[in-house]
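Start at 1 with the first residue, then count along the sequence. The analysis underlying the following values was restricted to heavy atoms, covering all of them including side chains, and did not include hydrogens, waters or symmetry mates.
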Amino acid sequence: MRIAIDARFYGEAGPGRYVSQLLLNLEALDFENEYTVYLKKSNFDDYKPTNRNFKKKLANFHWYSLAEQLIFPLMLYGGNFDLVHFTQINVPLMYFRSFVVTVHDVILHEFSTERGSILSRILYRFKNISYHLVFLKDVFLSRIIIVPSQSTRDDLLKYYGVDKKKIVVTYESVDHYPSGKASPQNAVFDKYRIKSPYILCLGSFYPHKNTRRLVEAFLSLKNQGLFGGQLVLIGKESPFSQMLRNFVEVRGIRGVIFPGFLHPKGYLPDDEVETIVSRAFLYVQPALKEGFGIPPVEAMALGVPVAVSDISCLKEMCLEAAIYFDPESVEDIVNQLKLVIENGELRKELIAKGYENIKRFSWRRMAQETLNAYRC
């Protein structure tokens, strides 16, 4: 087969990690099919194929842009591919040949990002309508829908009632940790004003991430004398992170660190993130909704105890290797974190269970299952 992969997210956070690992492992598995990998100018030089069946091509169209909708499909038609894999939901509406699509989550079906958008209300609503139109095409015209969890599969069945046989679950994974590429601890801590011990949360600051309630729980822990360390919130600088930072400043909450605001790019490189995660006293994921939830699993791989929301996706990913709390109750977040803070044996138990839990996940297996889906 002649297969195209839309890899324009290559190297980006979130789906970019998925795309890079998919390509890396497909190259190690498939020496039969021919692949054309489409990349943006910003990441074109970063991808260096090692399998001669993989060729790269420039498709410098921004995600969710008019050029993506009008010009990109013409490029794909010109390639005369047997199959195109769109690794994110932004499938051009004008592309009608055989394709598979990866749906990472359906979060925007339940949580609006309008409050933090720089778009006018009219433009935001137009964008939201376009999102749902594209999603309808993804669901009903794709050959196969690839999802990272049973939870996301269940969401698609709930919202669209698609044929179960059409949805393929391919668990994502974490990179090999420790990688040996982590930055020196002292340099990173000095750079971002971090001091041990600290509670850590990693991810975006969108409303569904529920980070504000974690900040409120942290304040309660400090006021009760239960935790005297810091709360480190690693995420890309954005309107949402600025709103949360303003909340912290208005409330006068001390000890909350936003490393993204201290880096010129607004986000941290992987080697620094690994250093900060590996030294955390506790990793917390307070999200109201997730598609997979890589950060808690990464924390487990680095020997950090984990506490997460009692939601279906995170329960699926963490099993018995985490402490669970009601994400809508600051009081319950405080109570569950208190258990881990005060109980050293529980911390050791969570770390041991975390090491066992991560054995369930493999990027190589994900790529093999994706390749099987191509052949369906």
How about E331: does its CD atom have over 12 heavy atoms from other parts shown lying under 6.0 Å from it? no

A cation-pi test, strictly: NZ or CZ of R8 under 6.0 Å from the centre of the six-membered ring of F72 and no more than 45 degrees from its axis. Yes or no? yes

Tell me whether the NZ or CZ atom of K137 lies within the 45° cone about the ring axis of F96 and under 6.0 Å from its centre. yes

Quick check: are there more than 12 heavy atoms from other residues, nucleotides or ligands sitting under 6.0 Å from CZ of R193? no

A quick test of your reading: do over 12 heavy atoms of other residues, nucleotides or ligands sit less than 6.0 Å from NZ of K57? no

Tell me whether R212 forms a cation-pi arrangement with F247, defined as NZ or CZ under 6.0 Å from the six-membered ring centre and within 45 degrees of its axis. yes

Taking only Lys NZ, Arg NE, NH1 and NH2, and the carboxylate oxygens of Asp or Glu, determine whether R213 and D332 approach each other closer than 4.0 Å. no

Verdict with reasoning, F61 to Y38, per ring pair (Phe, Tyr, Trp, His ring centres under 6.0 Å): CA-CA 10 Å; F61 312 119; Y38 286 96; 8.8 Å; no

Crowded around Q242 CD? As in, over 12 foreign heavy atoms under 6.0 Å? yes

Looking at every non-hydrogen atom in both residues, tell me the closest pair between P15 and F9 and how far apart they are. CG-CD2, 3.8 Å

Salt bridge between D310 and K315, side-chain N to carboxylate O under 4.0 Å? yes

Under 3.5 Å donor-acceptor, E316 side chain and Q150 backbone: yes

Classify the side-chain pair D6/Q88 by whether it contains a donor and acceptor separated by less than 3.5 Å. no

Are there more than 12 heavy atoms of other residues, nucleotides or ligands under 6.0 Å from atom CD of Q224? yes

What heavy-atom pair brings A217 and I333 nearest, and what distance separates the two atoms? CB-CG2, 3.6 Å

Enclosure of M94 CE (heavy-atom neighbours >12, cutoff 6.0 Å): no

Less than 4.0 Å between a side-chain N and a carboxylate O, is that true for R17 and E172? no

Which is it for S183 and V188 under the side-chain contact (heavy atoms from CB on, under 4.5 Å) test, yes or no, and what are the steps along the way? CA-CA 7 Å; S183 296; V188 173; 3.4 Å; yes

Just list the side-chain donor-acceptor pairs under 3.5 Å for residues 156-163, sequence neighbours left out, or say none.
unit_1	atom_1	unit_2	atom_2	d
Y159	OH	E110	OE2	3.0
Y160	OH	H109	NE2	2.6
D163	OD1	K165	N	3.0

Taking the side chain from Y10 and the backbone from F44, do they hold a donor-acceptor pair closer than 3.5 Å? no

May I ask you to check if R245 and F261 form a cation-pi contact, with NZ or CZ under 6.0 angstrom from the six-membered ring centre and within 45° of the axis? yes

K166 atom NZ, over 12 foreign heavy atoms within 6.0 Å: yes

So with a 6.0 Å cut-off around NZ of K222, is the heavy-atom count from everything else above 12? yes

Kindly give the heavy-atom pair with the smallest separation between C201 and L214, and that separation in Å. CB-CD2, 3.7 Å

